[in-house]
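Notes to accompany the following structure.
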Amino acid sequence: VVLLNMLGLEAVHKRRTGSYGSFQDIMPVPVNSPTRFDRGGYRYDLKIESDGVTMMGTSGNGRALQVDDSGFVTYVD
């Protein structure tokens, strides 16, 4: 759910500015890094490319999920 919420924040930012934003641009709370933050036992990573955005959430046990601008959440092998 968190990944989809962040994807929604990215979509709003893109509509407003014409480009995807860093975590520092889109998050409603302060974060220290533009591409990574830790919260609630998960590490979140952001990758912005010219044709889209991908976000990954990795739990403390190493299990990772990712979402891209298509809106599909998948497990990372």
Side-chain angles (χ1 to χ4, degrees):
V1 172
V2 172
L3 289 172
L4 291 174
N5 286 339
M6 290 190 301
L7 185 62
L9 293 171
E10 281 287 6
V12 169
H13 188 272
K14 186 167 188 205
R15 278 194 302 271
R16 288 182 181 161
T17 67
S19 63
Y20 291 109
S22 71
F23 282 144
Q24 292 170 327
D25 294 329
I26 68 166
M27 294 300 292
V29 296
V31 294
N32 293 329
S33 169
T35 60
R36 175 177 281 177
F37 73 95
D38 297 295
R39 183 140 311 141
Y42 283 81
R43 183 187 73 231
Y44 296 97
D45 296 285
L46 172 67
K47 183 177 180 184
I48 299 174
E49 298 177 337
S50 61
D51 61 344
V53 63
T54 302
M55 287 177 265
M56 185 182 317
T58 307
S59 68
N61 67 8
R63 188 122 197 219
L65 295 167
Q66 73 178 15
V67 66
D68 61 23
D69 49 304
S70 71
F72 290 101
V73 178
T74 57
Y75 285 104
V76 178
D77 294 328

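Remember, it's a predicted structure, so these values are computed and weren't measured experimentally.
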At their closest point, which heavy atom of Tyr20 faces which heavy atom of Val53, and how far apart are they? CE2-CG1, 3.6 Å
Using the rule that Ile, Leu, Val, Met, Phe, Trp and Tyr join whenever any side-chain heavy atoms are under 4.5 Å apart, tell me whether Met56 and Val67 fall into a single cluster. no
Tightest non-hydrogen contact, residues Leu3 and Leu65, listed as CD1-O, 3.6 Å
Atom OG1 in Thr54, atom CD1 in Ile48: separation rounded to 0.5 Å? 10.0 Å
Using modelled atom types only, decide if a donor and an acceptor are shared between the side chain of Glu10 and the backbone of Gly21 within a distance under 3.5 Å. yes
Check residues 70-77 and write down every donor-acceptor pair under 3.5 Å in which the side-chain atom is one partner and the other belongs to a residue at least two apart or another chain.
from	atom 1	to	atom 2	distance (Å)
Ser70	OG	Asp68	OD1	2.3
Ser70	OG	Phe72	N	3.4

Taking C-beta and beyond as the side chain, do Tyr42 and Ser59 meet within less than 4.5 Å on heavy atoms? yes
Hey, is CG on Asn32 packed in by over 12 heavy atoms from elsewhere, all under 6.0 Å? no
Cluster overlap Val2 with Leu9, hydrophobic side-chain contacts below 4.5 Å: yes
So does Ser22 get a backbone contact from the side chain of Asp25, meaning a donor-acceptor N/O pair under 3.5 Å? yes
Measure the CZ-CE distance between Phe37 and Met27 for me, rounded to the nearest 0.5 Å. 3.5 Å
Test: salt bridge (charged side-chain N to carboxylate O under 4.0 Å, His left out). Region: residues 27-48. Which pairs qualify, not counting sequence neighbours? Arg36-Asp45, Arg43-Asp45, Lys47-Glu49
Any chance you could measure Leu46, atom CG, to Ser33, atom OG, to the nearest 0.5 Å? 9.0 Å
Could you tell me if the side chain of Tyr44 sits less than 4.5 Å from the side chain of Val31, heavy atoms only? no
What residues, two or more places apart in sequence or in another chain, satisfy side chain to side chain contact (heavy atoms under 4.5 Å, CB included) together with Arg15? Ala11, Val12
